Peer 1: 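Please see the structure below; I have some questions.
Everything quoted here is computed from the prediction, not taken from an experiment. Index from 1, following the sequence.
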Amino acid sequence: MSKLKIRLTTNSKQNFMHFSSCLVLSFPDIWRFPYLCYKNGGGVFLIIYFISMAFCGIPVFLLEVSLGQYLGAGGMTTIAQICPILKGT
């Protein structure tokens, strides 16, 4: 008996971006985090947070997504194909 792998495929870039953003973002998280930072006096933290997201988080996310698209795999499968020692047992 062979194992069938069913993968999600998208028809357009717009569908892919919508699907990816829905996986990453949720409305309560986006709404509550800045409010809690402001309420507790963390306005400076928000500035540093958004700068670090722009220069670190977004490029790493785009790299992971592009490698997954190129290799036709996702998550740990991509890491295992790039560097097998990180795969584990």
Peer 1: Heavy atoms only: give me the nearest P59-A54 pair and the separation to one decimal.
Peer 2: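 So the two residues come closest at CD-O, 3.6 Å.
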Peer 1: Which value, rounded to the nearest 0.5 Å, describes the distance between C56 atom SG and I51 atom CD1?
Peer 2: 11.0 Å
Peer 1: Going from CD on E64 to CD on Q69, what distance comes out if it is rounded to the nearest 0.5 angstrom?
Peer 2: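 Answer for the CD-CD pair, E64 versus Q69, is 11.5 Å.
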Peer 1: Quick one: do Y38 and V44 end up in the same hydrophobic cluster if we chain Ile, Leu, Val, Met, Phe, Trp and Tyr together by side-chain heavy atoms under 4.5 Å apart?
Peer 2: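 Cluster IDs for Y38 and V44 differ.
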